[in-house]
2 protein chains.
Amino acid sequence: MSRTTIADVAREAGVTKATVSHALSGNRPISEETKAKVLAAAEKLNWAPSQSARALATRRANAVAVVLARDPEVIANDSFFPAFIAGVESVLAETETALLLQVVSGRDAEERAYRTLTHGRADGALLLDLRTDDWRVPFLDDLGLPTVLVGTYDQPTGFSCVRTDDAAPVREIIAHLRAAGHERIAHVSGPLAYVHSKARAAAYVEAIGGDELLREGDFTAASGRTRTAELLALPERPTAILYSNDTMAIAGLSYARSQGLAIPQDLAISGFDDDHLSAHLSPALTSVSSDPAARGRAAARLLRADILGAQPRTEIVDCNVVHFRDSTS
Amino acid sequence: MSRTTIADVAREAGVTKATVSHALSGNRPISEETKAKVLAAAEKLNWAPSQSARALATRRANAVAVVLARDPEVIANDSFFPAFIAGVESVLAETETALLLQVVSGRDAEERAYRTLTHGRADGALLLDLRTDDWRVPFLDDLGLPTVLVGTYDQPTGFSCVRTDDAAPVREIIAHLRAAGHERIAHVSGPLAYVHSKARAAAYVEAIGGDELLREGDFTAASGRTRTAELLALPERPTAILYSNDTMAIAGLSYARSQGLAIPQDLAISGFDDDHLSAHLSPALTSVSSDPAARGRAAARLLRADILGAQPRTEIVDCNVVHFRDSTS
DNA sequence: ATGAAAGCGCTAACAA
DNA sequence: TTGTTAGCGCTTTCAT
């Protein structure tokens with residue numbers, strides 16, 4: 001690898017290591033002439049600074065981490081994550097910051113992961129899949145690791161936060177369904193331990209005025225099917241179901257059809273997250289897109305600012321758009 | 001953060017830094033007694049070795065990288081990637097190796113990314129989305145960065161490789177369709193620059209004996225729709241279409257229906273990669289699952305071995321399974 | 001505007 | 001089995 005070091009470049013350019021360092025970082029005035037010499041030498045020797053040496057000297061890893069504590073199945077089900085990461089990356093790339101990804105299972109593993117990160121691996125972290133009373137929030141606060149919360153967190157924290165309004169699209173869909181004459185509207189939520197699931201469910205309950213037709217799913221197709229079956233077995237079955245993700249919605253749609261119901265005539269269905277396939281189904285699925293890449297970009301920018309010592313801020317990325325498609329009309 | 005260093009722990013335990021280091025790494029015999037003292041001191045001071053200092057001293061970053069050169073849209077479309085990463089992680093976690101993710105666009109950016117990685121950021125890389133005559137293969141060879149190729153590469157290289165047999169499932173689907181009486185079977189491929197797309201297309205051409213009904217798509221829904229429209233407009237339209245991913249298959253299915261065709265009676269359709277939604281569509285989509293997590297695990301293991309200096313090996317992970325569902329029967 | 005030298009926190013010879 | 005001593009390759013005071 002990089003067998004050539006800054007010393008080689010310094011020698012080649014006829015200057016000292018300090019000059020080479022500053023010529024590249026711009027941390028102090030350098031004459032155009034020597035700067036050119038240094039750059040030429042670096043180019044000639046094909047040299048680039050060693051990230052690990054730099055990290056040690058500056059006490060900065062130039063890397064941030066995303067720790068994912070999810071079941072493998074849920075990871076594969078998720079259309080949010082890849083696009084989110086792409087957004088994060090696009091911002092990190094500007095400052096040559098690396099993205100560390102860690103998939104862990106179990107609280108112990110997750111704690112260990114954060115501990116290791118803190119010790120010279122990463123300068124900050126992005127926290128996804130927030131839960132109510134999430135232990136990670138105080139834990140990371142304790143560690144002193146700059147962190148950005150992605151998702152609406154319901155308690156005061158000293159962390160920066162990227163929020164979206166999960167309630168608005170729920171209200172919008174319900175209003176739409178009501179206008180179309182629906183009176184028994186059900187909701188299959190995600191795990192209520194997640195703040196975003198909870199926020200959507202709460203918006204539903206408030207709009208409907210009750211939770212009689214609320215069922216808790218877990219974002220998997222299996223739960224979409226089961227909860228739908230329960231709802232359809234009710235004496236007075238719902239005429240519309242609003243799901244908290246597309247996977248459950250499609251599983252539900254599929255089940256309803258198997259029971260002889262026509263979509264949307266007998267049962268209107270809407271999803272959430274707007275999976276890339278949803279617009280192409282028959283009927284096309286009504287869903288809510290949320291521009292995960294934009295949220296990724298916002299989160300990365302906030303984290304960068306935090307690392308540089310800025311005051312924590314909450315940024316609202318309001319990019320939820322309801323796409324009304326055939327499954328609700 | 002880690003304001004406490006190995007020196008503090010050494011003092012606390014009444015030994016030297018070297019002893020502390022070895023007590024943790026096990027790199028030389030340590031008496032149980034001192035080892036216990038060291039561990040206790042480390043625990044008490046809540047100390048863990050700094051990864052950046054360690055990286056500098058050992059010339060090993062304890063990290064491997066995945067560089068993704070893809071359009072954002074294709075990333076979001078892809079059901080392979082998240083599961084693959086989860087598999088990679090499960091193996092890396094065993095050795096506390098971090099995963100660096102880099103999403104780049106453009107060859108320049110990708111070259112820069114690899115250069116930076118080589119300079120103390122990562123010990124190795126996983127190469128995805130291989131293309132025929134991929135410039136990255138000789139480039140990485142040049143850089144001397146241990147690399148594992150994920151996907152069937154068609155040229156001899158000095159790199160380890162995780163292969164799958166893309167041809168077998170194609171043959172199996174075609175045989176199945178023929179047995180059901182289909183004679184005009186079409187194929188909508190992915191970009192033929194990708195080795196896996198090409199391998200599938202080649203298997204198709206060989207089984208069919210011609211490429212009259214072969215169309216090149218790009219894995220997006222839009223291309224699935226367009227290519228399908230072309231095929232259905234043919235004087236003698238195909239009675240079955242085999243797509244190289246599920247996104248295109250579903251877009252095609254949707255289009256065919258809009259033209260009044262019944263699936264599978266008028267047109268049989270099969271996909272590839274078995275998106276998590278595919279089994280839940282109506283009709284359920286015939287597709288090929290490929291256990292991305294298993295491939296991720298294999299790739300990570302090979303890379304680890306490479307980094308430790310093992311001979312490059314090619315491992316065949318044969319996990320392609322065709323799921324025949326309603327869309328083909 | 002540049003040079004000299006002291007670390008950053010760890011590992012790894014080399015000794016004992 | 002343990003201690004001593006150099007580095008790893010960079011950044012960053014402090015001088016000049």
Side-chain angles (χ1 to χ4, degrees), chain A residues 1-39 41-42 45-63 96 115-123, chain B residues 1-39 41-42 45-63 96 115-123:
Chain A
M1 324 275 204
S2 173
R3 288 268 44 111
T4 62
T5 76
I6 195 172
D8 301 322
V9 177
R11 198 177 317 115
E12 173 79 24
V15 296
T16 61
K17 296 193 294 172
T19 305
V20 174
S21 175
H22 290 125
L24 266 88
S25 68
N27 274 352
R28 79 181 184 192
I30 295 274
S31 80
E32 279 307 319
E33 192 187 334
T34 47
K35 184 169 177 179
K37 269 197 305 196
V38 169
L39 261 39
L45 299 181
N46 191 22
W47 173 85
S50 150
Q51 296 295 327
S52 28
R54 182 194 288 242
L56 180 57
T58 60
R59 293 121 164 288
R60 186 148 285 172
N62 282 309
E96 305 227 285
R115 284 232 162 73
T116 313
L117 289 175
T118 316
H119 294 295
R121 257 220 201 296
D123 306 318
Chain B
M1 327 273 207
S2 170
R3 287 266 46 106
T4 62
T5 77
I6 195 171
D8 300 322
V9 178
R11 198 178 315 113
E12 173 80 23
V15 296
T16 60
K17 297 193 294 173
T19 305
V20 174
S21 175
H22 291 126
L24 266 89
S25 69
N27 274 352
R28 80 179 183 193
I30 294 275
S31 79
E32 279 307 319
E33 193 187 331
T34 47
K35 184 168 177 180
K37 268 196 307 196
V38 169
L39 260 41
L45 299 181
N46 190 23
W47 172 85
S50 150
Q51 296 296 326
S52 28
R54 181 194 288 241
L56 181 57
T58 59
R59 295 123 163 288
R60 189 148 283 172
N62 281 309
E96 305 227 284
R115 284 233 162 73
T116 313
L117 290 175
T118 317
H119 293 296
R121 256 219 202 300
D123 307 318

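Convention: sequence-line order gives letters A, B, ...; per-chain numbering from 1.
- Ranking C/dA12, C/dA6, C/dC10 by closeness to the A/Lys17 side chain, first place goes to C/dA6.
- Of the side-chain N and O atoms in A/Thr58, none sit less than 4.0 angstrom from OP1 or OP2 of D/dT11.
- Counting non-hydrogen atoms under 4.0 angstrom, B/Thr16 reaches a base of the nucleic acid.
- A pairwise comparison of heavy atoms in B/Val38 and B/Ala23 identifies CG1-CB, 3.8 Å as the closest pair.
- B/Ser31 comes within 4.0 angstrom of sugar-phosphate atoms only, judged by non-hydrogen atoms across all strands, and of no base.
- For the pair A/His22 NE2 and D/dT12 P, the computed distance is 6 Å after rounding to whole Å.
- Every residue two or more places apart in sequence or in another chain that forms a side chain to side chain contact (heavy atoms under 4.5 Å, CB included) with B/Arg60 is listed here: B/Thr58, B/Asn62, B/Asp123, B/Ile307, B/Leu308.
- Candidate nucleotides C/dA13, C/dA4, C/dG9 were compared by shortest atom distance to the side chain of B/Ala53, and C/dG9 ranks first.
- Remark: the backbone N or O of A/Lys17 is not paired with any side-chain donor or acceptor of A/Ser21 at under 3.5 angstrom.
- Using a 4.0 Å heavy-atom cutoff across all strands shown, A/Ser52 reaches no nucleic acid atom at all.
- With distances taken from any side-chain atom of B/Arg59 to the nucleotides C/dG9, D/dG9, D/dG3, the minimum falls on D/dG9.
- Protein atom CG of B/Leu56 is 12 Å distant from nucleotide atom P of D/dT11, rounded to whole Å.
- B/Ser25 comes within 4.0 angstrom of nothing in the nucleic acid, heavy atoms only.
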